[in-house]
Amino acid sequence: MNNIGVILFDIDGVIRSVENSYRLSLKKTVLEFCGWEPSYQDIDNAKNEGIWNNDWDLSLELIKRYIKRKNLNINVPSRKNIIKCFEGFYFGGKSNEDSKDWAGFINNEELLVEGEFFDFLSANGIIWGFVSGAESASAKYVLEKRLKLNFPPLIAMEDAPDKPNPEGFIYLAKKLSKDKLGSSNLPIAYIGDTIADVQTVLNARKKIPSQKFISIGVAPPHLHLEGRKKERSLYESKLREVGADLILNSVNDLININLEFLFKP
């Protein structure tokens with residue numbers, strides 16, 4: 001079958017649930033340095049500012065804000081110490097160690113898709129890859145070890161500037177398209193769960209206005225829980241307001257929609 005489009009996926013909140021791993025590490029890191037543990041709502045609110053894609057930087061920012069708000073006489077930790085603490089919670093060891101030795105919150109992560117999902121996409125003319133703000137070790141662990149994907153195309157934290165800078169997204173889109181980006185190229189979609197993900201697509205459009213880019217949003221898993229319908233609706237409306245072209249309940253919805261219509265030139 002001829003290829004009809006490219007879909008690039010964010011990983012956290014889209015391919016795997018990170019409430020009890022990355023976000024829990026963020027909560028515990030902030031608690032460690034200032035004695036206050038932010039709620040998931042606090043984290044969502046900060047991420048909705050569209051500039052806190054990196055959880056180390058957000059940890060530091062929330063600590064600074066709390067110290068200022070409470071007028072506390074404590075030192076702001078260095079970014080280096082934030083990373084060391086965060087990684088201790090997340091990996092339970094160093095990220096460059098064998099994943100069998102990881103004893104941290106990374107072991108709490110639930111997969112939101114199965115490996116066969118990507119076979120379906122390929123069979124329906126979709127080229128796919130991943131653009132994530134996660135560390136390469138973490139991203140490869142979920143894609144290669146857990147989903148059993150062979151050499152998945154990936155741009156991770158170490159490979160490009162943080163979103164919403166579109167550099168990594170554009171780089172992988174070009175590589176997978178095997179054609180110059182522009183009006184003659186396949187449409188390219190990006191699926192993410194944050195405002196920064198939507199803005200990444202908008203920024204790519206500014207750089208290459210003749211290329212068809214599609215922004216697809218999905219609310220993170222914790223907003224799909226019972227009793228959080230109102231919060232989820234508000235979250236999805238913010239994604240739309242910023243510029244998401246389509247909102248899905250989950251990436252698995254791609255199996256049930258008309259992909260040819262979505263990717264019509």
Side-chain angles (χ1 to χ4, degrees), residues 6-19 21-27 29-30 38-62 64-65 79 82-83 86 90 112 129-136 138-139 142 154-173 188-208 211 213-224 231-232 234-248 250-251:
V6 177
I7 301 181
L8 301 181
F9 295 86
D10 183 25
I11 294 176
D12 301 338
V14 177
I15 301 300
R16 64 178 170 190
S17 174
V18 294
E19 278 67 52
S21 61
Y22 268 123
R23 291 200 175 196
L24 186 55
S25 298
L26 193 161
K27 285 158 64 78
T29 298
V30 174
S39 67
Y40 287 120
Q41 186 66 57
D42 292 324
I43 295 170
D44 280 345
N45 290 342
K47 283 187 174 284
N48 281 341
E49 294 171 16
I51 56 175
W52 304 110
N53 192 61
N54 184 300
D55 285 344
W56 300 336
D57 293 335
L58 180 52
S59 298
L60 185 56
E61 177 65 16
L62 289 175
K64 287 178 179 176
R65 291 183 187 184
R79 190 173 188 267
I82 288 284
I83 294 171
F86 191 105
Y90 182 70
L112 302 175
F130 304 90
V131 179
S132 172
E135 303 103 308
S136 180
S138 172
V142 70
L154 169 67
I155 294 292
M157 177 197 286
E158 299 90 336
D159 304 320
D162 284 343
K163 297 175 286 185
N165 185 312
E167 186 179 309
F169 170 69
I170 289 172
Y171 173 83
L172 190 56
I188 297 162
Y190 186 49
I191 302 183
D193 68 327
T194 67
I195 283 174
D197 294 325
V198 177
Q199 290 176 329
T200 298
V201 176
L202 301 184
N203 289 335
R205 284 179 186 158
K206 289 175 187 173
K207 284 186 172 289
I208 313 172
Q211 169 67 46
F213 289 114
I214 304 165
S215 172
I216 303 176
V218 58
H222 66 278
L223 294 181
H224 290 260
E231 288 173 68
R232 178 180 152 199
L234 183 62
Y235 191 97
E236 290 174 344
S237 71
K238 286 180 179 175
L239 293 177
R240 283 194 193 90
E241 283 170 23
V242 175
D245 302 299
L246 176 68
I247 301 292
L248 300 178
S250 123
V251 287

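Between the side chain of His222 and the main chain of Tyr40, no donor-acceptor pair closer than 3.5 Å is present. Here the side chain of Glu158 pairs a donor or acceptor atom with the backbone of Ser136 at under 3.5 angstrom. Between the Asn165 side chain and the Asp162 main chain, no donor and acceptor come within less than 3.5 Å of each other. Asn203 places no side-chain N or O within 3.5 Å of a backbone atom of Thr200 that could act as its donor or acceptor partner.
In terms of heavy atoms, Gly243 sits closest to Val198 at C-CG1, 3.7 Å. Minimum heavy-atom separation, Ala244 to Ile247: CB-CD1, 4.0 Å. Minimum interatomic distance between Val242 and Gln199 (heavy atoms only, all atoms of both residues): CG1-CG, 3.8 Å. Here the closest heavy-atom approach between residue Pro221 and residue Gly13 is recorded as CD-O, 3.7 Å. Summarising the geometry of Gly133 relative to Asn53, their closest heavy-atom pair is CA-ND2, 3.9 Å, with the distance given to 0.1 Å. The two atoms that bring Pro220 and Tyr235 nearest to each other are CD-CE2, 3.4 Å, heavy atoms only.
Ring centroids of Phe213 and Tyr190 are separated by 6.0 Å or more, keeping the two rings apart.
Between the CH2 atom of Trp52 and the CG atom of Leu62 there is a distance of 8.5 Å, given to the nearest 0.5 Å. In this structure, CD in Glu135 is found 3.5 Å from OH in Tyr22, a value given to the nearest 0.5 Å. Interatomic distance, Asn54 CG to Leu60 CG, rounded to the nearest 0.5 Å: 10.0 Å.
Here the side chains of Leu112 and Ile15 are not in contact, with every heavy-atom distance at 4.5 Å or above. The shortest side-chain heavy-atom distance between Ile208 and Ile170 falls under the 4.5 Å cut-off. By the 4.5 Å heavy-atom criterion applied to side chains, Phe9 and Val251 are counted as neighbours. At least one side-chain heavy atom of Leu248 sits less than 4.5 Å from a side-chain heavy atom of Ile216. Residues Ile11 and Leu154 form a side-chain contact, since some pair of their non-hydrogen atoms from C-beta on lies under 4.5 Å apart.
Using the six-membered ring where Trp is involved, Trp56 and Phe86 have ring planes that are perpendicular, over 60° apart on the 30 and 60° scheme.
With salt bridges taken as basic N to acidic carboxylate O contacts below 4.0 Å, none links Lys27 and Asp55. Salt bridge present: Asp10 and Lys163 bring a charged side-chain N and a carboxylate O closer than 4.0 Å. Ion pairing between Arg65 and Glu49 holds under the 4.0 Å rule for side-chain N and carboxylate O.
For the side chain to side chain contact (heavy atoms under 4.5 Å, CB included) test, residues two or more places apart in sequence or in another chain that qualify with Ala173 are Leu8, Leu181, Ile188. Checked against side chain to side chain contact (heavy atoms under 4.5 Å, CB included), Asn45 has the following partners two or more places apart in sequence or in another chain: Gln41. In terms of the side chain to side chain contact (heavy atoms under 4.5 Å, CB included) criterion, residue partners of Asp245 (sequence neighbours excluded) are, by chain and number, Arg205, Ile214, Ser215.
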(message) The test is side chain to side chain contact (heavy atoms under 4.5 Å, CB included); show your working for Asp12 and Asp193 and say whether it passes.
(response) CA-CA 8 Å; Asp12 301 338; Asp193 68 327; 5.7 Å; no
(request) Report the C-alpha separation of Arg23 and Asp44 in whole Å, then their side-chain angles, then the decisive distance to 0.1 Å, and conclude whether the salt bridge (charged side-chain N to carboxylate O under 4.0 Å, His left out) test is met. (result) CA-CA 10 Å; Arg23 291 200 175 196; Asp44 280 345; 2.5 Å; yes
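For the residue pair Ser138/Arg16, the side-chain donor-acceptor check at 3.5 Å is satisfied.
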